[in-house]
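Notes follow once the structure below has been shown.
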Amino acid sequence: MGTRCGIVSPYSPILPLNNGKASAHEAFHFWGRCERMPESLIAIGDALPYLLRGSLVTLIVVVGAMALGLVLGVPLAMGQVYGHWALRRAIAVYVWFFRGIPLLVFLFLFYFGLCTALDINLSAFTVAIIVLGLISSAYQSQIFRGAILSLPEGQLKAARALGMSDIKAITVIILPQALRLSVPGWSNEYSILLKDSAVTYALGVAEIMARAHFVATRTYQQLPLYFAAGMIFLILTWMGTKSLRLLEEKVRIPGYGSSPQLAAESFDP
Amino acid sequence: MAHWRIPRMDCRHIMAEPILRIENISKRYGKKDVLKGASLDVNKGDLKILIGPSGAGKSTLLQCINFLVKPDEGRVWLEGREVHYAHKRDLYAYRQKVGMIFQDFNLFDHLNALENVRIGMVQVKGMPKAEAGERAVMELERVGLKDHMQKYPAQLSGGQKQRVSIARALAMDPKVMLLDEPTSALDPELIGEVHAVIRDLGNNGMTMIMATHQIGFASSLASEIVFMEDGRILERGTPDKIFNDAQNARTREFCSKITELYGER
């Protein structure tokens, strides 16, 4: 069994125990405990392809939700900064609403509540993307709003002085700068969304957590499977934030510093 | 009767029509009157210098002229046509013809020098990118920055930034330029290069209204000095008259103080 995973056989004399000074009893105890390890690893190995297919589902949900959140969040932020006061108020209520209710409540509300009440036939997968996207749009609008507000007022003035319409000034001058400034915020949003996406398991979306749970409850290998699920999430988070950091570096305006504080505070293997 | 009237009217039209006419501009922020009815006629090729203490309304007046700040009252004519700034199309067309230079440059930070100069021509005038690019290079050459055209604002010195912003305004073929303390944010040693560009513009007949504290520069170049205080134009006249023989006591006081500070007239 042990050899199948490429693990050193429990009876091989390769690992020295306390330079050979340990008692026979201790040695037996050590190997005895280790003997279960290969089994756990086998459980992980067997379930891994299944879990990794789940990570694909997770990634699609997260990327879809982020994209939806961006598409909704940018106009929301624009409206909140430049809009009429009634529009600003409406957007503030929207943000307040989607930030104030737990994800699980929203998922159930949409999937079991709204979809049933309105007789809409949507898959759990689609509902997951929509709900996560709507919630994310509220958060992303605030990331983006902060970015717009941090731009000097003179940028808009200079654009207007050239004869640009407000819409042109915003799309050509403000938007490209604000989007750049939003990248660190997105990195944060991505890692939160990724972890939140595990909750969609409650609807039966076949993502990482749902699959790990499915296998664990049938094989009774809870420890290795949930551990594996955790590791996959950790790696996905790391990969995402790492690539967004590269993106930030890539779109950085020459002459401007990168965000050193962020780099110093985050652990980056 | 008609025999002499017609030529006389023609004459008046040709000689006395100011290129920019500002009438009775007022602006109030809350309870504070920042501008209390300022009027100004600017002829083609004029360089009007606005002087006065901080808070006199110089900057607000300049920004009211191209409606970056909406005046509460007042009318503006450019080349004999009144500007109806409530009509967006009219406003945008008018702003193209009025170049604005800001104290803190306001270059577009995400664009390099060339793109900064080009963007107005491409986005506002709808010129093809290549043609606009050629023109942009020409304008940058004119302000002596052809070698720096690939640099981003953050990589340029203050003086260079201000020269790029002048090139950006010039590329739009403005009829009038408004300069709001163009050298106030610069290190003393960088002021000269910007002054040289402005002097060059003046010599080439550009019509300009400039707010500044650089009295020496102003008096050597200005066609008229306009002294403002407390939202009003108190006195105006040739540099010689304002600096040496001002009628108003406040003008004399301000001029003597500022001459002490910025010296070398």
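Computation of the quantities below employed the complete heavy-atom set of this structure, encompassing side-chain atoms and omitting hydrogens, waters and symmetry-equivalent molecules.
- The CE atom of Met164(A) lies 4.5 Å from the CD1 atom of Ile119(B); values are rounded to the nearest 0.5 Å.
- Proximity to chain A is absent for every atom of Ile101(B), based on heavy atoms less than 4.5 angstrom apart.
- Taking Pro176(A), Pro152(A), Gly163(A) one by one and counting their heavy-atom pairs under 4.5 Å with chain B, the maximum is reached by Gly163(A).
- Gln96(B) CD to Leu162(A) CG: the interatomic distance, rounded to the nearest 0.5 Å, is 9.0 Å.
- Contact of Arg89(B) with chain A is not made at all, since no heavy-atom distance falls under 4.5 Å.
- By the neighbour-count criterion of 12 heavy atoms within 6.0 Å, atom NZ of Lys250(A) is sparsely surrounded, having that number or fewer from other residues, nucleotides or ligands.
- Gln155(A) and Leu107(B) make their closest contact through NE2-O, 2.7 Å (heavy atoms, listed as atom of the first residue, atom of the second, distance).
- Of the listed residues (Met172(B), Lys125(B), Gln155(B)), the one with the most heavy-atom contacts under 4.5 Å to chain A is Gln155(B).
- Other residues, nucleotides and ligands place no more than 12 heavy atoms under 6.0 Å from the CD1 atom of Ile167(A).
- Using a distance-only test at 3.5 Å, with no hydrogens or angles considered, no donor-acceptor pair links the side chain of Gln177(A) to the main chain of Phe108(B).
- Atom CZ of Phe106(A) sits in a crowded spot, with more than 12 heavy atoms from other residues, nucleotides or ligands closer than 6.0 Å.
- To the nearest 0.5 Å, atom CG of residue Leu111(B) and atom CD1 of residue Ile173(A) are 5.5 Å apart.
- Taken to the nearest 0.5 Å, the NZ atom of Lys157(A) stands 8.0 Å off from the CG atom of Asn106(B).
- Heavy-atom pairs under 4.5 Å with chain A peak, among Lys151(B), Met100(B), Gln123(B), Gln63(B), at Gln123(B).
- When Ser165(B), Ala154(B), Ala93(B), Ala169(B) are compared by the number of non-hydrogen pairs under 4.5 Å with chain A, Ala154(B) comes out ahead.
- Contacts between Lys168(A) and chain B at a heavy-atom distance below 4.5 Å involve the side chain alone, from C-beta outward.
- Residue contact with chain A, scored on non-hydrogen atoms closer than 4.5 Å, is absent for Asp104(B).
- Between chain B and the options Pro254(A), Ala159(A), Ser165(A), heavy-atom pairs under 4.5 Å are most frequent for Pro254(A).
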